[in-house]
Number of protein chains: 2
Amino acid sequence: MDGIFDQNSIAATERGIRWLGEAGLRPTRQRVALAALLVGDGRNRHATAEGLYAACLACGERVSLATVYNTLRAFCEAGLLQEVTVDATRSYFDTRLDDHPHFYWEDTAELTDAPSEELQIARLPAPPPGTEVARVDVVIRLRRG
Amino acid sequence: MDGIFDQNSIAATERGIRWLGEAGLRPTRQRVALAALLVGDGRNRHATAEGLYAACLACGERVSLATVYNTLRAFCEAGLLQEVTVDATRSYFDTRLDDHPHFYWEDTAELTDAPSEELQIARLPAPPPGTEVARVDVVIRLRRG
DNA sequence: CTATGTGCAAATCTTTTGCAGGCTA
DNA sequence: TAGCCTGCAAAAGATTTGCACATAG
């Protein structure tokens with residue numbers, strides 16, 4: 001399970017459609033359903049393909065797992081999502097697009113945002129000549145104390 | 001390719017055997033071969049299973065890919081290696097055990113150490129109640145400029 | 001000798017792809 | 001209508017597992 005997904009309300013659906021529109025993606029039934037689950041309540045989400053697929057079925061929407069994968073990939077390419085890699089066995093897709101730190105809960109394999117104002121990097125290794133920094137991933141791995 | 005692996009010299013082999021001994025692992029032929037490739041020259045290595053397997057065959061050692069996987073996993077459990085996750089399609093195993101930053105070269109899918117003295121984290125988000133920080137992964141993703 | 005490793009092939013799991021049919025603009 | 005989407009099943013990779021045989025201590 002990936003957290004509590006919002007019910008597929010009218011408001012959530014509209015928000016999803018608007019979100020797709022911003023990226024110039026056609027609002028097909030499946031895309032709208034997935035978009036509503038991802039951004040319907042305006043909160044950030046860290047979804048896995050499998051989890052989103054389950055949530056979609058639970059809402060009574062008919063989608064194939066392959067389409068969920070293809071759609072998530074399409075959303076990434078359109079700049080609507082960001083892929084975060086923390087676990088070799090699973091990809092996470094983040095609705096928040098800026099460079100920010102994550103908490104990774106090792107026991108539940110859950111990924112959540114860490115408060116970015118609490119992260120201050122005073123100095124960062126300089127990128128080697130001929131390269132530039134594309135992104136800095138900071139993952140704080142948590143263990144139950 | 002995962003970098004230049006040291007020739008399977010006597011010195012490298014001995015270093016490998018010592019390394020296994022430290023962790024109380026039996027020095028079987030395959031393990032010694034892999035250990036020599038990993039720590040034979042004393043430098044840090046970021047190996048993938050596939051790459052290590054290829055290097056092993058190139059040295060004329062007979063090993064199966066499954067054994068490489070199982071052995072890398074065993075080395076991790078014994079505390080000889082650390083798994084680093086930066087790419088969802090591949091696992092990297094690092095011979096350096098302390099918490100340090102990495103450069104990830106997006107174009108070649110290569111992983112290298114970033115100079116840890118150049119990373120200064122002034123402030124880190126506090127772990128939520130009931131949890132403690134297991135590790136902080138910092139991955140600087142590089143793009144060819 | 002006995003517990004641990006190893007090899008191989010087959011199984012598993014996540015993700016991608018090919019292609020025929022469906023639906024949006 | 002034309003082209004982009006979707007569904008399904010099959011393919012593709014990476015990694016793990018089961019089991020018989022080999023080997024270190």
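The figures here come from the full heavy-atom set of this structure, side chains too, leaving out hydrogens, waters and symmetry mates. Every chain is numbered from 1, with letters handed out A, B, ... down the list of sequences.
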Practice item. For Arg135(A), enumerate each residue passing the side-chain hydrogen bond (donor to acceptor under 3.5 Å, both in side chains) test, keeping only those at least two apart in sequence or located in another chain. Key: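 Testing Arg135(A) for side-chain hydrogen bond (donor to acceptor under 3.5 Å, both in side chains), a comparison that skips the adjacent residues, returns Asp137(A).
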
Within this structure, what is the [atom1]-to-[atom2] distance between [X] and [N], rounded to whole angstrom?
| X | N | atom1 | atom2 | answer |
| --- | --- | --- | --- | --- |
| Asp87(B) | dT15(C) | CG | C1' | 13 Å |
| Tyr53(B) | dT15(D) | OH | P | 14 Å |
| Glu61(A) | dT6(D) | CD | C1' | 14 Å |
| Leu20(B) | dG25(D) | CG | C1' | 15 Å |
| Glu50(B) | dG13(D) | CD | C1' | 9 Å |
| Leu34(B) | dG7(C) | CG | C1' | 14 Å |
| Asn70(B) | dT4(C) | CG | C1' | 13 Å |
| Leu65(B) | dA14(D) | CG | P | 9 Å |

Point to revise | Residue whose nearest DNA chain C nucleotide is more 5′ - Ala88(B) or Arg62(B) | key: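 The residue whose closest nucleotide sits nearer the 5' end is Arg62(B).
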
Check your understanding: Which residue, Thr89(A) or Gly24(B), contacts DNA chain C at a nucleotide closer to its 5' end, judged by nearest heavy atom?
Key ->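 The answer here is Gly24(B).
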
Exercise for review: Go through the steps for Trp105(B) and Thr131(A) under the test side chain to side chain donor-acceptor pair (under 3.5 Å), then give the verdict.
Suggested key: CA-CA 9 Å; Trp105(B) 306 68; Thr131(A) 67; over 6 Å; no

Review point. Would you say the side-chain atoms of Glu83(A) and Ser91(A) include a donor-acceptor pair closer than 3.5 Å?
Key: yes

Between [X] and [N], does any side-chain N or O lie under 4.0 Å from OP1 or OP2?
| X | N | result |
| --- | --- | --- |
| Arg31(A) | dC4(D) | no |
| Ser91(B) | dA14(D) | no |
| Gln30(B) | dG7(C) | yes |
| Tyr69(B) | dT16(D) | no |

Check your understanding: Would you call Arg96(A) and Asp94(A) a salt bridge, using N to O less than 4.0 angstrom?
Key ->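 Not counted as a salt bridge, because no side-chain N and carboxylate O are separated by less than 4.0 Å.
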
Exercise for review: Determine, for Glu132(B) against Arg144(A), whether the closest basic-nitrogen to carboxylate-oxygen distance falls under 4.0 angstrom.
Suggested key: no

**Study point:** Stretch residues 72-83 of chain A: residues that reach within less than 4.0 Å of DNA chain C through a heavy atom
**Key:** Arg73(A)

Point to revise | Pairwise 5' ranking along DNA chain D for Arg26(A) and Ser64(A), keeping only the more 5' one | key: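 Comparing both residues, the 5'-ward one is Arg26(A).
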
Point to revise | Given DNA chain D, 5'-ward residue of the pair Thr28(B) and Arg29(A), judged by closest heavy atom | key: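 Closest to the 5' end, via its nearest nucleotide, is Arg29(A).
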
Exercise for review: Kindly indicate, with the supporting measurements, whether the criterion side-chain contact (heavy atoms from CB on, under 4.5 Å) is fulfilled by Glu50(B) and Arg90(B).
Suggested key: CA-CA 9 Å; Glu50(B) 204 59 63; Arg90(B) 209 182 329 273; over 6 Å; no

**Study point:** Selection from dG7(C), dA24(D), dT16(C) that lies nearest to any side-chain heavy atom of Pro27(B)
**Key:**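 Of the candidates, dA24(D) comes closest.
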
Exercise for review: For the residue pair Tyr92(B) and Tyr104(B), categorise the inter-ring angle as parallel (less than 30°), tilted (30 to 60°) or perpendicular (more than 60°).
Suggested key: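 Correct class here is perpendicular.
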
